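The next block holds one structure in the form of structure tokens; read it before the comments.
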Amino acid sequence: GLIYRELGNYPQAIILYQQGLAIHQRLKNRAGEAASLNNIGLTYHERGEYAEALTFYQQALGIHREIGNRESEGRTLNNLGELYRQLGQYSQALVLYNQALEVVKTTSDRGNIGNTLHNIGLLYESQRNYPEALNFYQQSFSIRKEIGDKAGEGITLNNMGLVYNQLGNQSQALESLQQALAIFKQLGNRVNIGNTLDSIGTVYKSLGQYSPALESYQQALAILREIGSREIERVTLSNIGSVLEKQNQPELAIVFYKQ
């Protein structure tokens, strides 16, 4: 189920997760049942079917609480918080993230604490409360660095870079993003290399340095096309179009906007 979900084959992932769920229910394995329900919820969540995702997350949460599985309860609360954040229901998302943080702090799972702090940072960034976002990202980064979560470290550095850019601190933004890029290159994580190159382009665009901005965006575009990451590719194409407009090349900009 996990493999099919990561490949984006959501219908097949759901079929396999449902089969796993039936087996766990037959064996009366409550922890396994809750894990399957959470995974079905995640799959619907990634498909953008939020009502279905919510139903499965809530079922999973009920079982986690019933059997006292605090780590899994924290993860499912995080998933629920993310769902409400994506729906733009920020106050409800914050309630859930704070519940998740209270729960995970009672466990030894430092990674889960780091994830929750990052998610709260993301929520404040969505609300354009950049100082508060930075505060939570810095807390998350400290934990991720402490436990050696290199991928998490890189993701938080990327987000910190974008927040520094919004706060007008472009030199700190570029420093954070270059650190993130170095980590993703070390890990060979192509999606995040592309995403971070796009972020670097955005900082150069903010500085009015359109040539290095375009160079970063084009490097990002090449990688994102190679790996088939369509969602981020669309963002990068739009960013290239906006730089070309700034350079008084409207005809060429339209070519990229249309893609």
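Everything numeric here is computed off the predicted structure, so don't read it as measured data.
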Where do E132 and N135 land on the side-chain contact (heavy atoms from CB on, under 4.5 Å) test, with the steps shown first?
-> CA-CA 5 Å; E132 206 57 44; N135 171 29; 3.2 Å; yes
Can you tell if the side chain of F184 reaches within under 4.5 Å of the side chain of N195, non-hydrogen atoms only?
-> no
State whether the side chain of Y217 and the backbone N or O of T202 hold a donor-acceptor pair below 3.5 Å, judged by distance alone.
-> yes
Should N29 and I23 count as side-chain neighbours, where that means a heavy-atom distance under 4.5 Å?
-> no
Can you tell me how far CG of L134 sits from CD of Q166, rounded to the nearest 0.5 angstrom?
-> 12.0 Å
Shortest non-hydrogen contact from S108 toward E71 | OG-OE2, 4.1 Å
Give the intermediate values and the outcome of side-chain hydrogen bond (donor to acceptor under 3.5 Å, both in side chains) for residues N98 and E102.
-> CA-CA 6 Å; N98 281 325; E102 280 177 39; over 6 Å; no
Shortest non-hydrogen separation from A180 to N158 and the atoms involved | CB-N, 3.9 Å
Under 6.0 Å between the ring centres of F56 and Y44?
-> yes
At what distance, to the nearest 0.5 angstrom, does OG of S176 lie from CG of L157?
-> 5.5 Å
CG of D198 to NZ of K205: how many Å apart, nearest 0.5 Å?
-> 8.5 Å
Over 12 foreign heavy atoms within 6.0 Å of CD1, I3 = no
Heavy-atom closest contact (K246 atom, Y210 atom, distance) | CD-OH, 3.4 Å
Are side-chain N/O atoms of N165 and Q170 paired as donor and acceptor at under 3.5 Å?
-> yes
Is the shortest distance from a Lys or Arg side-chain nitrogen in R110 or D149 to a carboxylate oxygen in the other one below 4.0 Å?
-> no
Can I155 be reached from L174 by stepping across I, L, V, M, F, W or Y side chains whose heavy atoms are under 4.5 Å apart?
-> yes
Transitive ILVMFWY side-chain link Y10 to L2, under 4.5 Å | no
Does any non-hydrogen side-chain atom of T236 lie less than 4.5 Å from one of E233?
-> no
Evaluate the criterion side-chain contact (heavy atoms from CB on, under 4.5 Å) for residue pair S171 and N169; output intermediate values, then yes/no.
-> CA-CA 6 Å; S171 62; N169 189 342; 3.4 Å; yes
Should we say atom OH of Y90 is surrounded by more than 12 heavy atoms from elsewhere, each under 6.0 Å from it?
-> yes
Cluster check I14, L42: I/L/V/M/F/W/Y, side chain < 4.5 angstrom | no
Distance-only polar pair, side chains of E175 and Y164, donor-acceptor under 3.5 Å | no
Approximate separation, where rounding is to 0.5 Å, of S140 OG and N119 CG | 8.5 Å
Joint cluster assignment, Y57 & L21, ILVMFWY side-chain distance < 4.5 Å = no
To the nearest 0.5 angstrom, please state how far the CD atom of Q19 sits from the OG atom of S36.
-> 11.0 Å
Residues which pass side-chain hydrogen bond (donor to acceptor under 3.5 Å, both in side chains) with R144, listed by chain and number, not counting sequence neighbours = N115, H118, T156
L54 and L83: which non-hydrogen atoms are nearest, and at how many Å?
-> N-CD1, 4.0 Å
Side chains of E33 and L27 in contact at under 4.5 Å (non-hydrogen atoms) = no
Criterion side-chain contact (heavy atoms from CB on, under 4.5 Å) on V243 and Y204, from CA distance to verdict = CA-CA 10 Å; V243 170; Y204 280 122; over 6 Å; no
Side-chain touch E73/L61, heavy atoms, less than 4.5 angstrom = yes
Could you tell me the separation between the CG atom of L80 and the CZ atom of R85, rounded to the nearest 0.5 Å?
-> 14.0 Å
Contact summary for Y137 and L122, nearest pair of heavy atoms = OH-CA, 3.2 Å
Quick check: does any side chain N or O of T196 sit under 3.5 Å from a backbone N or O of I193, one acting as donor and the other as acceptor?
-> no
Residue that, paired with F141, satisfies side-chain contact (heavy atoms from CB on, under 4.5 Å) out of Q139, K145, Q138 = K145
Hey, are the side chains of D109 and V104 touching, using non-hydrogen atoms and a 4.5 Å cut-off?
-> no
Check whether the side chains of E82 and H45 place a donor and an acceptor atom closer than 3.5 Å, and report yes or no.
-> no
Side-chain donor or acceptor of S242 paired with backbone N/O of N239 under 3.5 Å = yes
Any link between L181 and L221 through a network of hydrophobic side chains (Ile, Leu, Val, Met, Phe, Trp, Tyr) touching at under 4.5 Å?
-> no
Are L96 and Q99 close enough, and set up right, to give a side-chain contact (heavy atoms from CB on, under 4.5 Å), and what steps lead you there?
-> CA-CA 5 Å; L96 288 157; Q99 283 179 23; 4.3 Å; yes
Heavy-atom pair with the smallest gap, counting every atom of V103 and G74 = CG1-N, 3.8 Å
Do S72 side-chain atoms and N69 backbone N/O form a donor-acceptor pair below 3.5 Å?
-> no
Less than 4.5 Å apart, any side-chain heavy atom of I200 and any of Q178?
-> yes
Does the side chain of L237 come within less than 4.5 Å of R225's, by heavy atoms?
-> yes
